[in-house]
There are 2 protein chains.
Amino acid sequence: MLFEEERKRSIVQFVEQRTRASVQELSLQLGVSESTIRRDLKELEEARLLKRTHGGAVSLQSVNFEAAFPDKADRLLDEKQRIAAKAVQMIQEGDAILLDGGTTTLQIARALKSFSNLKVITNSIMALNELKDCRNIEVSITGGMLRPDTMAFVGPMTERSLEMVRVDKAFLGTNGLDLQEGITTPNMLEAATKRKMIAVAKQSILLADHSKIGQVSFCKVADLNEIDHCILDSAVQGSFTRGLEAMDVGFTIV
Amino acid sequence: MLFEEERKRSIVQFVEQRTRASVQELSLQLGVSESTIRRDLKELEEARLLKRTHGGAVSLQSVNFEAAFPDKADRLLDEKQRIAAKAVQMIQEGDAILLDGGTTTLQIARALKSFSNLKVITNSIMALNELKDCRNIEVSITGGMLRPDTMAFVGPMTERSLEMVRVDKAFLGTNGLDLQEGITTPNMLEAATKRKMIAVAKQSILLADHSKIGQVSFCKVADLNEIDHCILDSAVQGSFTRGLEAMDVGFTIV
DNA sequence: TCATTATTGATCGTTTGTGCTCATTTATGA
DNA sequence: TCATAAATGAGCACAAACGATCAATAATGA
């Protein structure tokens, strides 16, 4: 008969090895009752050594690759949705708006379907995908070269497309946001595209969760005072908001 | 029998791999009822791991614009593939080519992957979808408004994008092809886009299966003599080819 | 030895997952 | 446009799995 600790270790080993195990299997294998196995599994799950399922358990390793998938793995999804919700409040019926690529702006696209009269221009193929079935929203997309990681179009053709339009509001995402260095992104073409977006919008609204603040990326898009409004989540530092106030940049915290 | 977790992961994997899956397929593959698959799909959609459709699900990892109708439904697929194969023969390494929307030009995109140095510009999101993973092909897309039935971009923004480029060869599809009326399509914006394509290409190549010949649609794109070459299938009438000869338009029958 | 505590196994009411049916909705083709 | 077929979702029933509880057993210390 094994001691409790030994048994638990065996369970983890068994699950790791076969990536999965049922309660029955384990009960039989280790010569203890199913109740005991369930108790063990419960504790092992709390100790994050495996993941329980109905009927047994699976190894964490197999679960982890789920993190490779978009959105669900996005720990800041909740913040992004709140930011997007606030952004949507700023939109009025009849507006022409510009949606940048990125996951935060994608949340805006998702929330846009209830409008009945809207023109949307975007360089994000994900946003297009969300909106293409909406009869009451006129969706245009900029051309350009596809950046596979962001699923957004960038480059000279994108800028040329943007030159054709004037919009009421542009909603921009970013990688870095810093009081001194302003708005930065890792890609040169992307930076140029964002710059052009700011240029063709009457009002530029920057969306950023707290993970972006203080970050500085390779390419500068613009200084913070070129932006009309920022929407930030509540985890932002007071020093940053004071800086924004000093620069006279409007902001909303959600 | 798989646990619920494992099954869901399998579904996501399956959908990711094949970009789409039907409820039936999944039910059969995983050995559970269609009800269960539907329940799973519902939850997976809520978790944003895939997108449900009527009859199944599609991956949202990438650009998943489903074809207006599947290949199988295309009764002239064989002709179109032969026409596309001939078109590909006309392309040389290093060329910059322009691909129009439509199912025939889509077949060209599929056959293009073997080239190692090519620039492709297209207004077809289906073509983009085909080519986006090819490292050795630089793909750009024109902007514009999406026409849902052809999954191609049209409109002023498309034309503006096209103005930026000069290509060696443009491959155009059409709805109607007539000796007197020339090339015609049912949509005004589409016609304008095609005209612009002809304008920016050194050489314009028209692709048409025999079902298009003699058809006259609402909007004129161009006269036949503005085209440099036609690729037709073997079911074309002799009277038509004699007409082409008389107009001094080159053509190939496949 | 006895009392105490921890661990285990058995019981049982509850929850969960699954498949089936059927009315409703949705696509598709005439 | 309407008719038809397919797909869907809600509801129900059944079985498996679960968790709470309690009794039995084993380990521990006085």
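All values below come from the heavy atoms of this structure, side chains included, with hydrogens, waters and symmetry mates left out. Naming convention: chains lettered A, B, ... in sequence-line order (proteins, then strands); numbering from 1 in each chain.
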query = Can you check whether A:Val165 reaches A:Lys119 side chain to side chain, under 4.5 Å on heavy atoms?
reply = no

Gap between atoms CG and P, on B:Leu2 and C:dG17 respectively (whole Å) = 15 Å

ask   = Once you round to the nearest 0.5 Å, how far does CZ of A:Arg38 lie from CG of A:Leu26?
value = 11.0 Å

Proximal nucleotide (of C:dG19, C:dT18, C:dT8) relative to the B:Arg7 side chain = C:dT18

query = Once each nucleotide of nucleotides 2-13 of chain D is scored for protein heavy atoms under 4.0 Å, what B/S/- sequence comes out, 5' to 3'?
reply = -----SBS----

query = Roughly how many Å is it from CD in B:Glu6 to P in C:dT18, rounded to a whole number?
reply = 11 Å

request  = Report yes if a side-chain nitrogen or oxygen of A:Ser33 is closer than 4.0 Å to either non-bridging phosphate oxygen (OP1 or OP2) of C:dA10; otherwise report no.
outcome  = no

ask   = Rounded to whole angstrom units, what separation is found between the CD1 atom of A:Ile11 and the P atom of C:dT8?
value = 10 Å

query = Rounded to the Å, how far apart are A:Asp40 CG and D:dG19 P?
reply = 13 Å

inquiry  = Please report the distance, rounded to the nearest Å, between CD in B:Glu43 and P in C:dT18.
reply    = 9 Å

key: Spacing between A:Lys8 atom NZ and C:dT8 atom C1', to the nearest angstrom   = 13 Å

key: Distance-minimising heavy-atom pair for B:Ile227 and B:Val249   = O-CG1, 4.0 Å

query = Please give, in whole Å, the distance from C:dG17 P to B:Ile37 CD1?
reply = 15 Å

Among B:Leu207, B:Ile253, B:Val88, side-chain contact (heavy atoms from CB on, under 4.5 Å) partner for B:Ile83 = B:Leu207

message = Hydrogens and angles aside, do A:Thr158 and A:Ser161 bring a side-chain donor and acceptor to less than 3.5 Å of each other?
response = no

query = Could you give the CD-to-P distance, from A:Glu25 to D:dA17, as a whole number of Å?
reply = 12 Å

query = Looking only at heavy atoms, what is the nearest atom pair of B:Thr252 and B:Lys86, with distance?
reply = CG2-CE, 3.5 Å

